[in-house]
Every structure is written in structure tokens, then in C-alpha cells.
Protein chains: 2
Amino acid sequence: MSVRIYGAGTSDFGRQPEERATTLGWAAVTEALADAEVSDVDAVYVGSVFGEMGVAQRVLSPLGLTRVPIVRIENACASGTTAFHEGVSAVESGRYGRVLVLGIEHMTRTIRGPIPTEPRDPDSRSGLILPALYAMSATRYREVHGLTNEEMAAVAVKNRGNATLNPRARLGARVTVDEVLGSRMVAEPLTLLQCSPVSDGAAAVVIGPDRKRARDVRVLGTAFASGARWGAGSPSVWGFELVQRVAAAAYRDAGIGPDDVDLVECHDAFTIGEIVTLEALGFAKEGEGGRLGASGETAIGGKKPVNPSGGLLGRGHPLGATGVAQLAEVVVQLRGEAGARQVQGARIGLVETMGGGVAGIDGNGCVVVVLGRSS
Amino acid sequence: MSVRIYGAGTSDFGRQPEERATTLGWAAVTEALADAEVSDVDAVYVGSVFGEMGVAQRVLSPLGLTRVPIVRIENACASGTTAFHEGVSAVESGRYGRVLVLGIEHMTRTIRGPIPTEPRDPDSRSGLILPALYAMSATRYREVHGLTNEEMAAVAVKNRGNATLNPRARLGARVTVDEVLGSRMVAEPLTLLQCSPVSDGAAAVVIGPDRKRARDVRVLGTAFASGARWGAGSPSVWGFELVQRVAAAAYRDAGIGPDDVDLVECHDAFTIGEIVTLEALGFAKEGEGGRLGASGETAIGGKKPVNPSGGLLGRGHPLGATGVAQLAEVVVQLRGEAGARQVQGARIGLVETMGGGVAGIDGNGCVVVVLGRSS
């Protein structure tokens with residue numbers, strides 16, 4: 001694939017109810033354009049879930065970037081990476097030259113507690129909201145594979161700690177396993193610190209065809225699909241089959257395998273999510289993902305660093321912004337510019353995002369992207 | 001362009017608060033698949049503004065259509081045609097074979113009166129919502145070009161009347177110019193019957209590469225862009241420059257001009273909208289659009305039939321569904337299957353949709369599509 005990421009930018013991530021969405025968007029877009037050394041683009045793809053109509057135009061208009069096609073995509077938690085996937089496909093087919101991908105979400109002023117249920121939906125009305133869905137995954141996984149609460153908590157300890165090394169992640173905090181397990185129970189066995197916090201943020205990348213610039217990052221492969229309805233009779237926990245299938249397609253597209261990946265930004269919306277996802281991505285056998293965080297293997301200095309940015313748990317999870325922030329983190333890492341959280345010698349990085357609908361079980365979406373250093 | 005529309009389907013359009021969005025979606029999708037004579041697709045593009053997260057998956061899951069990429073797009077009133085444009089581009093580039101495009105919107109249970117303002121936005125907070133924006137267009141147009149209230153009302157009389165010939169348009173009614181002008185004033189000079197009603201509906205088309213089937217409809221051209229910020233100092237009324245620019249690109253893509261178009265489905269969200277749009281599309285000189293409806297030129301039996309389906313005024317305007325319903329109407333017309341509202345001998349049809357953000361002025365989006373008979 002000949003598509004490159006020219007530049008990346010983000011706003012601060014965290015609870016910023018005092019900021020407008022547009023202010024966050026401007027921070028991300030202006031940084032990405034400057035980093036890319038371009039001043040205009042041929043199209044814009046935007047990931048946002050709760051943004052009002054025209055949310056992207058409010059950001060782009062004062063920057064003089066609105067005369068081009070602007071496509072706003074909602075794909076739940078995977079909105080940002082879905083926008084990226086669509087943008088990459090458009091560049092790859094020659095339809096556009098340069099494309100801006102923006103992820104933007106302001107949640108703290110409107111969303112209190114978990115993402116609201118859809119009152120007309122029988123699943124979500126009966127309580128099957130996302131924390132409950134992940135709690136069911138954790139319970140089932142624990143029964144089948146013998147996962148401990150301490151192994152789950154280790155994921156939160158790692159990612160929230162990593163976020164303290166990321167100046168853009170305002171929610172970072174060094175916490176202990178005991179603190180994680182002692183925090184308020186949200187959905188048994190998931191405690192509060194095992195859930196990604198509602199937050200605000202924006203992130204942007206500029207992509208385009210190869211222009212022989214060493215700082216540009218290569219898009220080695222990208223894949224996107226949705227899942228089938230999940231239920232008690234499904235062979236694996238929620239999302240496993242989908243992530244595995246999409247990852248296989250992305251590895252094929254990139255011509256690499258899991259062993260070639262130097263760092264990962266994946267969808268740790270809840271601690272159990274990272275564990276299951278790492279197995280689906282091929283970094284551990286099914287049932288062995290729990291040891292990865294607990295053993296230090298996925299720490300920044302470990303064999304396979306996962307979520308060095310802090311992940312959704314440590315950076316927060318402004319839905320539409322998350323996927324693009326994951327991409328921005330891998331860009332910074334592959335350039336060796338990640339400072340205190342730098343993964344040494346990183347040459348290939350992987351981004352994975354999975355999102356579901358309100359109840360999350362009726363055809364969730366997953367995007368996997370593989371990026372590589374240009375030189 | 002080698003892309004074809006294989007099949008089209010719609011639900012009823014109108015006020016259907018008792019129906020679920022999924023029920024409307026099923027009606028549209030199953031009809032489109034049956035019409036296309038296909039049972040599965042490689043990807044789905046969905047236009048919806050107010051649909052909750054996962055709205056498309058709720059429709060697609062019971063039909064077994066969720067394992068593919070599902071991209072939900074919000075682009076205000078142009079959401080449905082933007083989804084179509086993206087789907088066509090994906091087929092054209094060879095990325096997918098068959099693609100389902102779904103437009104779906106259920107508004108009557110949640111939206112009362114005009115589309116709600118965005119409380120954080122200074123323009124919409126000061127009252128610059130869409131009826132006000134179109135009223136400003138009408139006032140300015142009237143000052144510059146001498147449009148009469150009767151000419152505006154003639155558009156509503158025509159389109160609401162056409163809808164009585166469309167069994168899927170439940171809101172159709174024969175009304176007189178006096179009734180239109182005598183209805184409640186919404187935003188001077190636009191009376192209630194000059195405003196498209198809040199409504200519910202879904203529409204779908206299946207597209208794919210040429211398969212030498214005579215019933216399939218050719219996509220001759222498609223274009224999409226967004227506008228620059230509009231204000232008092234702008235040279236034309238809101239949207240004119242954008243529609244003109246996008247139409248020029250679509251005509252170029254299709255290799256035709258305005259005179260080649262046999263019928264039009266355009267964005268008559270308000271009566272003044274149809275008048276300005278027909279000028280921007282090249283069917284009348286600037287300032288002469290007002291006579292088109294009043295003279296009968298745009299009637300079903302006229303020289304250039306416009307909105308034979310009833311348009312947004314007569315069929316209603318469920319935002320995300322509108323653009324796909326416009327496409328479905330042109331498909332039916334080009335096949336000669338439109339019954340009492342058939343435009344005789346139609347060989348080329350044009351669809352135009354324009355949507356804005358909440359206040360509508362910060363980079364509105366427009367899509368123009370040109371369709372042709374295969375044989």
C-alpha cells in the first residue's frame with residue numbers, strides 16, 4: 001500500500017467541560033497540518049458519535065477547509081478508525097490526494113455515567129449496556145480460562161500509569177492493583193478503575209500518497225468489518241471472533257504477522273477488553289492473555305508494549321476521537337518522538353478499535369491498522 | 001462510469017410514530033434486495049442523522065447482513081446521497097462488488113417542530129435555524145429578483161399534489177395557492193405549507209458494477225462537495241454557489257448538460273429551495289426560477305418535471321432517508337414504473353440534495369447524481 005501518514009496532532013485528552021468541541025478540534029487539526037507541512041486537503045473524513053450536525057464544519061470553517069467533501073462517520077467507538085479506513089481507501093484508489101482524518105468528541109458536558117441506553121431497545125432497556133456486556137465477557141472468560149481479578153487489574157495499573165508519561169493524557173495516575181480492585185464496583189467483576197472514563201478530546205492525521213519524506217509513516221495495511229449478532233451461544237466472548245477476523249485481513253494486507261509488531265494501541269475500554277483483544281490479535285493463545293499485563297510483557301519496556309499512550313483507560317475515551325488518537329500515538333512512536341513513553345526501536349505498530357451499538361451486540365464494528373516507519 | 005443501481009426500495013414516508021425505525025428499514029432493504037435479485041452485499045453505507053448508535057445494525061442483523069463493513073454517515077439533509085456517493089466511489093474503485101445504501105430516519109417521536117438548535121452555537125441560539133435561513137434566502141431573492149409569494153406557493157401546490165399520486169407518500173394533499181399562503185406563518189415569508197414536514201421513512205438501493213441487466217439503472221455521474229461559510233456579504237443566497245459548483249462537476253462526470261435531463265428530484269425542503277436550486281442546476285437563469293412552478297413547466301406533464309415523487313414538501317423529509325428516496329424515485333421513473341406520476345419517456349434523471357449543519361451556514365454539503373436508463 002502506498003498511502004502515508006504525513007502528520008498527526010491531538011488536543012489534550014481528559015475531562016474538559018469548559019472547552020468547546022471546536023477548540024479541541026482546532027488544536028488537533030492545526031497540529032496535524034503543521035506536522036504534515038501542508039495547508040489544505042482534498043477531502044475530510046470525520047469520526048464523531050455525539051457531535052451535533054455540522055460539528056466538523058464548525059472546526060473546519062475558520063480554517064478555510066470546508067469547500068471539499070466532508071464525510072462525518074459514526075461507528076460507535078470505532079468511528080475514528082473507520083473514518084481513517086475510508087480515507088485511506090479513497091487515497092489508495094486515487095480519488096483524492098491529501099485527506100484529513102479528524103476524530104472529535106465532547107462528552108463530559110452531556111454524558112453522565114455510562115453511555116445512555118436507547119429507550120426503544122429491549123436489550124439496552126434490560127440493562128445490557130456496555131459495562132454489563134464487558135462484565136459478562138469477563139465472567140465467562142474467568143469461568144473458562146481461570147483469569148484472576150489481579151490479572152485484570154494489572155491492565156488498569158499499566159495503562160493508567162503509562163498515561164502519566166503522556167503530557168496530552170490528563171487522566172493519568174499511578175494506581176496499585178489494590179486500588180483498582182478496591183474502587184467502586186461498576187459491573188461485577190469490573191471496578192471503576194477498570195472502566196475507561198468519559199472524556200473529551202480530538203485527534204487528527206493527514207494522509208496522502210507516498211511523497212518520499214522520511215518523517216511520513218507508512219500505512220502497511222488496514223481492514224474493517226462488522227460482526228454478527230452475539231449471544232450466549234456464541235463460541236467466544238463478545239468481539240473475539242470479529243477482532244480475529246479483521247486482524248487476519250489486516251496482517252494479510254500488510255504482509256506481516258503478529259510477531260512483527262513492535263507496539264500496539266488497542267481498545268482497552270475495559271480491562272477485560274485488552275486481554276481478549278491481545279489474544280484475538282495473535283499476541284497470546286486464547287486463555288493466556290491475562291498474564292501479559294501482569295508479567296510486564298506489555299509494559300513500555302516489555303517484549304510487546306501495549307497502549308504506551310495510556311490507552312482508553314489512561315487517556316480517556318472520547319468515542320470518535322479515540323481511534324485517531326491511537327493512530328497519532330503510533331505515528332509519534334514510530335518516529336521515535338514519544339519521549340518518556342518511547343518504545344525503543346519501534347518499526348511496526350498496530351492499532352485496533354472495536355465499537356458496538358448501544359447494547360453493542362448487533363453487529364459491532366472493528367478496524368485494524370498496521371503502520372510502519374518509512375526509513 | 002460503470003456503476004449500476006440494481007434495485008431500489010422504500011418504506012412508506014410520513015408521520016409514523018407508531019412504527020419502529022427498524023420496521024421502516026426492513027421494508028426498504030428487503031424491497032431493494034428483491035428488486036436487485038441479490039441476497040447479500042459486500043458493504044453497507046448508511047445515511048442517518050438522528051438514528052442512535054447501531055441503528056443500521058438493528059436493521060441489518062435480522063437479515064444476516066452485518067458481517068461486512070457498515071459505514072454510517074451523517075451529513076445533515078444530504079446524509080443519504082453522501083452515503084450513496086461514498087458507496088458508488090467504493091464500487092467504482094473495485095473495492096467492493098455489491099453495496100447496499102440505506103437511508104433511515106425516525107423523527108416524529110423525538111423531533112417536535114423545527115430541528116432543534118444546538119445550545120452551544122451562537123448562530124442557532126440567536127434563532128438562525130433552517131426555516132429562518134431559508135426565509136432570509138427568500139427575502140433577499142425577492143428583493144433582488146422580484147419573486148412573488150404566489151410563485152413560491154406554486155412549488156408547494158405542485159409537490160404536495162404530486163405526492164397524492166405516490167402511494168408511498170402519506171402526506172400528499174391537493175392544496176391551492178390560497179391555502180398555502182393562508183397557512184400559519186413559520187418564518188416570513190415562508191408559511192407552514194411551504195416547509196417540508198418532520199416525518200419518518202427509510203429507502204435503500206443496491207449498487208454494483210455493470211452486469212448487463214436491462215432493468216439496472218446507470219450511474220452516469222456523481223459529485224459531492226461542501227460549501228464555504230455563508231453570510232450577508234456572500235454574492236448569492238445560501239447554497240446557490242455550492243449547488244452550482246457540484247452540479248457542474250456532476251454534469252462533467254456524466255458528460256451531459258442540463259438540457260439532457262428529463263426529470264429532477266431536488267431538495268425542496270422549503271419552496272424557495274426548489275426555486276434557487278433549479279437555477280443553480282442550470283434549468284433557469286438566475287432570477288427566473290420562480291416562473292418554473294407557476295407556469296407548469298416543472299409539473300409531471302411539463303417540459304422539465306421536478307419532484308414527481310412529491311419531493312420533500314409532499315413526501316416529507318426524514319433527513320437521512322431523503323436522498324436515497326430521491327434516488328429510488330428516479331430509478332422507478334427511468335424504468336417507466338411510476339404509475340400515475342410517470343414522466344413519459346424519461347431517459348436521464350438528476351438527484352440533488354443539500355444539507356447544512358444546525359445553523360446550516362458553516363460548510364453545508366451538496367451531492368448531485370445523474371442516472372440514466374440502461375437501454
Side-chain angles (χ1 to χ4, degrees), chain A residues 20-22 43-44 48-49 51-58 60-62 64-76 79 82-83 85-86 89-90 92-95 106 109 115 118 120-121 223-229 242 245 319 355-365 367, chain B residues 20-22 43-44 48-49 51-58 60-62 64-76 79 82-83 85-86 89-90 92-95 106 109 115 118 120-121 223-229 242 245 319 355-365 367:
Chain A
R20 295 167 65 104
T22 42
V44 184
S48 186
V49 175
E52 76 275 14
M53 276 197 291
V55 60
Q57 282 81 348
R58 298 284 181 218
L60 300 168
S61 179
L65 295 173
T66 51
R67 285 173 56 89
V68 299
I70 302 170
V71 180
R72 182 263 182 95
I73 289 172
E74 182 274 302
N75 194 18
S79 298
T82 302
H85 181 86
E86 293 298 298
S89 302
E92 201 181 11
S93 71
R95 189 170 149 212
H106 199 291
R109 208 160 15 192
I115 294 165
E118 166 52 42
R120 286 166 287 180
D121 182 79
F224 164 41
S226 303
R229 188 176 172 89
L242 174 64
R245 178 160 58 90
L319 274 62
V358 173
I361 61 179
D362 256 340
N364 45 326
V367 178
Chain B
R20 294 167 66 104
T22 42
V44 184
S48 187
V49 175
E52 76 276 13
M53 274 197 293
V55 59
Q57 282 83 347
R58 299 281 181 221
L60 300 167
S61 179
L65 295 174
T66 51
R67 285 174 56 89
V68 299
I70 302 169
V71 180
R72 182 264 183 96
I73 289 171
E74 181 274 304
N75 195 18
S79 298
T82 302
H85 180 86
E86 293 297 300
S89 301
E92 201 181 13
S93 71
R95 190 170 148 209
H106 199 293
R109 207 159 17 190
I115 294 163
E118 166 52 43
R120 283 166 290 179
D121 183 77
F224 164 41
S226 302
R229 186 175 173 90
L242 174 65
R245 178 160 58 91
L319 273 60
V358 174
I361 59 176
D362 256 341
N364 45 326
V367 178

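Every chain is numbered from 1 and lettered A, B, ... according to where its sequence line falls, protein lines coming before strand lines.
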Contact origin within B:V49 toward chain A - heavy atom pairs under 4.5 Å: side chain
Would you mind telling me which of B:A90, B:S93, B:S89 has the largest number of heavy-atom pairs within less than 4.5 Å of chain A? B:S89
Grab the two heavy atoms, one from B:E86 and one from A:V71, that are nearest each other, plus how far apart they are. OE2-CG2, 3.7 Å
Non-hydrogen atoms of A:E74 and B:M53 that approach each other most closely: OE2-CG, 3.4 Å
Is there a donor-acceptor pair under 3.5 Å between the side chain of A:S226 and the backbone N or O of B:V68? yes
Rounded to the nearest 0.5 angstrom, the CD1-CD1 distance for A:I70 and B:I73 is 13.0 Å
So which part of A:R67 gets closer than 4.5 Å to some heavy atom of chain B, the side chain, the backbone, both or neither? both
